[in-house]
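Here the structure comes first, spelled out in structure tokens, and everything after it is commentary.
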Amino acid sequence: MEPIRLGSLTLYPFGLLFALFALGALVLIARSMNKAGLKKETASWFAVLSVPLCFIFAHLGYCVFIVDQMIGNEDFGMLIRVREGGFLLWGAIAGGLLAALITGKLTGQPAGRIADTTIVATCLLIAAGRILCGLLFKDQGIGMSIEAWFNTDWLDPEEADYANRFSLFALEDYSFFERFPFAVKNFYGEWCWAVFVPEAVWACVMALIISRTKAKDGGKTVRFLILYSCAQIVLEAMLRGEVLHLPWLGFVRANQVLCAIALVTVIIVCLRRLKKKERGKEALICFAQVIPAIGIVVAMEFAALEKKISMIEAWPADVCFLIMGLACLWMGLAVHRLWKKAYALHAGDTLVES
């Protein structure tokens, strides 16, 4: 969307709207911190630290994953040209966690408790950001075109090619889906699945789940990482258009790798909180489920839209995504079991509402 110019002042619609949502999120965080019984200066310290740290880490995180392009074009100015965009959500999350850690050090309070009070607002801010990006920018948060998705050429007996089959349902009239919130138009004017809508909806669902979660300090934050990572792996696989990949590996989606790293980190954090005699057994039980689940996800990633596995190229993409979703659910339940052992409240534990 074109910027708004008021004399010498230039306003960018996305930046302006997101700033308003971010301000609202900080107000909600301050309220949550007060309800949790944190010190009065906690909210101001977190606000002062989180805004620059989230912004810096989000942009630097994006630059890390386009370093191959910067080297190829000999253009390292992208590091400081923030007006051109380029932000990584995982970078912003890392910046927020670092802000909570520093705030905890400065105020002499548990960083986990501080982080927990920010999660609901973070989920709602993610939801707002998804919708803003999808509606204000072309090719952001979109999937395959509706026309290609419901392509029925594979039904032609003379030119049957099941590798061109993406939907289990062969619809001749799919005009019902050519509208928001099901789809939006891409740069070429084609109706494409609005993947950013289920991304935003899931962020709201996470906010509801986290708001009802009762756990030890840091438990809400860790649960958020589990919920976000497992769902985003599937949703990321559905994306087309502007998708971030690993440098020099254009077929590996960066956000899926970061989600996997986050899950492994969560597993390690949870294991460290268990008694030493329990760690080996619990690690074996968890990884015995997570590793095959990841294998299924990888297989479905290459089978769904790319059709790179010849043995199952006839499988429709929606079936592949369903299998991937079930694998992520399996993985999430395995990690959540470990989370319960590490962060669940027991009789006699003190709970501070946030």
Side-chain angles (χ1 to χ4, degrees), residues 1-4 11-22 24 58 62 65-66 83-90 92 123-153 164-207 228 231-245 250 253-256 259 301 304-306 316-322 324-325:
M1 180 173 286
E2 293 295 323
I4 302 170
L11 299 176
Y12 294 87
F14 174 81
L16 178 61
L17 291 172
F18 191 78
L20 292 175
F21 283 120
Y62 174 81
F65 289 104
I66 63 165
R83 287 188 178 183
E84 296 181 14
F87 298 95
L88 181 71
L89 179 55
W90 274 112
C123 291
L124 296 177
L125 188 57
I126 289 174
R130 296 295 194 195
I131 295 297
L132 287 177
C133 283
L135 294 179
L136 297 182
F137 299 114
K138 295 291 185 182
D139 296 347
Q140 289 285 340
I142 63 170
M144 179 176 284
S145 73
I146 303 291
E147 181 180 6
W149 181 264
F150 289 112
N151 172 40
T152 56
D153 289 346
N164 292 327
R165 185 184 186 186
F166 295 101
S167 177
L168 182 64
F169 307 98
L171 299 182
E172 293 184 2
D173 182 10
Y174 42 80
S175 59
F176 172 79
F177 296 104
E178 293 181 328
R179 67 190 74 183
F180 184 79
F182 304 107
V184 292
K185 288 187 177 181
N186 65 6
F187 181 79
Y188 300 101
E190 302 169 324
W191 285 101
C192 299
W193 290 117
V195 180
F196 64 87
V197 172
E199 285 181 321
V201 170
W202 179 246
C204 292
V205 171
M206 287 193 298
Y228 176 76
Q232 192 58 36
I233 287 174
V234 183
L235 294 169
E236 190 75 20
M238 299 177 183
L239 292 175
R240 307 292 279 183
E242 297 292 333
V243 179
L244 199 60
H245 295 87
R253 296 172 185 251
N255 280 308
Q256 288 181 319
C259 287
E301 170 69 26
L305 300 179
E306 303 300 332
D318 46 13
V319 172
C320 293
F321 287 138
L322 175 60
M324 184 187 294

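Along the sequence shown, residues carry numbers from 1.
Remark: Glu147 engages no residue in a side chain to side chain donor-acceptor pair (under 3.5 Å) (not counting sequence neighbours). Not counting sequence neighbours, the partners of Ala58 by the side-chain contact (heavy atoms from CB on, under 4.5 Å) test are Phe87, Ala92. Annotation: side chain to side chain donor-acceptor pair (under 3.5 Å) contacts of Glu301 (sequence neighbours excluded): Arg253, Gln256. Remark: Asn186 pairs with Glu190 by the side chain to side chain donor-acceptor pair (under 3.5 Å) rule, at least two apart or across chains. Under the side-chain contact (heavy atoms from CB on, under 4.5 Å) criterion, Leu132 pairs with Phe14, Leu17, Phe18, Phe21, Leu136, sequence neighbours left out.
Using a 30° and 60° split on the angle between ring planes, Trp149 and Phe321 fall in the parallel class, below 30°. Phe177 and Phe182 have perpendicular rings, their planes meeting at more than 60° on a 0 to 90° scale where under 30° would count as parallel.
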Side-chain donor-acceptor pairs of residues 231-244 under 3.5 Å, sequence neighbours excluded:
{"residue": "Gln232", "atom": "OE1", "partner": "Arg130", "partner atom": "NH2", "Å": "3.4"}
{"residue": "Gln232", "atom": "NE2", "partner": "Glu199", "partner atom": "OE2", "Å": "2.8"}
{"residue": "Gln232", "atom": "NE2", "partner": "Glu236", "partner atom": "OE1", "Å": "3.1"}
{"residue": "Glu236", "atom": "OE2", "partner": "Asn255", "partner atom": "ND2", "Å": "3.4"}
{"residue": "Arg240", "atom": "NH1", "partner": "Glu306", "partner atom": "OE2", "Å": "3.4"}

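Shown here is Phe180, whose CZ atom has more than 12 heavy atoms of other residues, nucleotides or ligands within 6.0 Å.
Residue Phe187 comes nearest to Asp139 through the heavy atom pair N-OD1, 3.2 Å, listed as atom of the first residue, atom of the second, then distance. Between Leu135 and Phe196, the closest heavy-atom pair is CD2-CZ, 4.1 Å. When all heavy atoms of Ala304 and Ala317 are compared, the pair lying nearest together is O-CB, 3.4 Å. Scanning both residues, Ser167 and Pro316, for their nearest heavy atoms gives C-CB, 3.7 Å. When all heavy atoms are compared, the tightest approach of Trp90 to Cys259 is NE1-SG, 3.7 Å. Closest approach of Gly143 and Cys192 over heavy atoms only: O-CB, 3.4 Å.
Atom CG in Leu124 sits 9.5 Å away from atom CE in Met206 (nearest 0.5 Å).
Using a 4.5 Å heavy-atom threshold, the side chains of Ile126 and Leu89 count as touching. Here the side chains of Met144 and Phe166 are in contact, with some heavy-atom distance below 4.5 Å.
Listed for the Asp173 side chain is a donor-acceptor partner under 3.5 Å among the backbone atoms of Ser175.
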